[in-house]
Amino acid sequence: MKRTVLFGALTIAGLAASAASAATLDDVKARGTLNCGVTTGLVGFAAPDANGVWTGFDVGVCRAVAAAIFGDPTAVEFVPTTGQTRFTALASGEIDLLARNTTWTFSRDTDLKFEFVGVNYYDGQGFMVPKALGVSSAKDLDGATVCIQTGTTTELNLADFFRTNNISYEPVPIETNAEAQQQYLAGACDVYTTDASGLASTRATFEAPDEHVLLPEIISKEPLGPLVRHGDSDWGDIARWTLNALISAEELGVTSANVEELSAAATDNPEVNRLLGTEGELGAMIGLEADWAKNAIMAGGNYGELFEKNIGENTPIGLARGLNAMWTEGGLIYSPPFR
């Protein structure tokens, strides 16, 4: 088993080194589209609507990057990936960017040779159970069957939690969120565990969401964010600063509704001017047009707009900002300066 894991890690790292040897931006421009890896379907984060159009919080990041490059948020191909296939897809060059509720960890950064370009959602692993189970704490789950996505940090966290609390469980391995939902509702497992945001998203799709509860325990830190391959820092800069542009836009009061007006003429705020390209040469520094950030913001709004529209308290997902509030509002969302 150790040899298999080591071989898999080395294979992914080797693919990443090979795929990153070329300039990714040049490849994307030549192709005319951004290939963005997303989940196979998680409502609010990434899922196709009735017309097959991908929408969601992570999808918004993909569209913002496409808009920054091409001035067109639709110039993106969405590639569904599972917990098992996402890293190979990125390492091999099948996708240019992975924006798929993926946790930033030491080994993924160093051993698998990926570069996380920021955090777009601070999360933690939780547990969902049917109310009828009569459980009020994860510590009462001794002997439970647990649906768990393979190839994720969730597997390791689950094992650590049950071992620490000297209780046992029987894993029910699943590949996708859709499979987990099916198995959980069919009673194949007593518990579904994943990121708390994913549990809220899944529960929102149930016919009777009130019959299911999220237990109070959050057993891990899960900083989720987009990532690229090691070896192409210029491409990493584009992804990183596009995400930062959305964050800074919220802090500076730049929205999808006023960005055109603010960029039509210089404002009295120099950072807004630099962000929108009416002052300075920030776009040229990363190989993009002066209005790259303006286009990214127009694609779906600033960070706060994306959050509220897709997963916020007024959506069926119903997530409060919490740790994902702006740093000025007591949260952790923060961008370095645009200067």
Checklist entry - Distance only, no hydrogens: is a donor on one side chain within 3.5 Å (strictly under) of an acceptor on the other, for Tyr192 and His212? => result no

Checklist entry - Just by modelled atom types, is the Asp96 backbone N or O under 3.5 Å from a matching donor or acceptor in the Trp235 side chain? => result yes

Next on the checklist: Can you tell me which residue among Phe127, Tyr169, Phe161 is in a side-chain contact (heavy atoms from CB on, under 4.5 Å) with Leu141?
Outcome noted: Phe127

Next on the checklist: If we check side-chain contact (heavy atoms from CB on, under 4.5 Å) with Ser201, which of these qualifies: Ile317, Asn310, Ile311, Thr39?
Outcome noted: Ile317

Checklist entry - If every non-hydrogen atom of Arg240 is compared with every non-hydrogen atom of Val117, which pair is closest and at what distance? => result CG-O, 3.3 Å

Checklist entry - Are Arg321 and Phe307 in a cation-pi setup, meaning NZ or CZ lies under 6.0 angstrom from the ring centre and within 45 degrees of the ring axis? => result yes

Checklist entry - So, do Tyr303 and Phe57 have ring centers that fall under 6.0 Å from each other? => result yes

With a 4.5 Å cut-off on side-chain heavy atoms, are [Y] and [X] touching?
| X | Y | answer |
| --- | --- | --- |
| Gln149 | Gln84 | no |
| Asn295 | Glu289 | no |
| Pro226 | Leu243 | yes |
| Asn302 | Val254 | no |

Checklist entry - How about Asp49: does its CG atom have over 12 heavy atoms from other parts shown lying under 6.0 Å from it? => result yes

Checklist outcome for this item: Here the gap from Glu222 atom CD to Asp195 atom CG, rounded to the nearest 0.5 Å, amounts to 5.0 Å

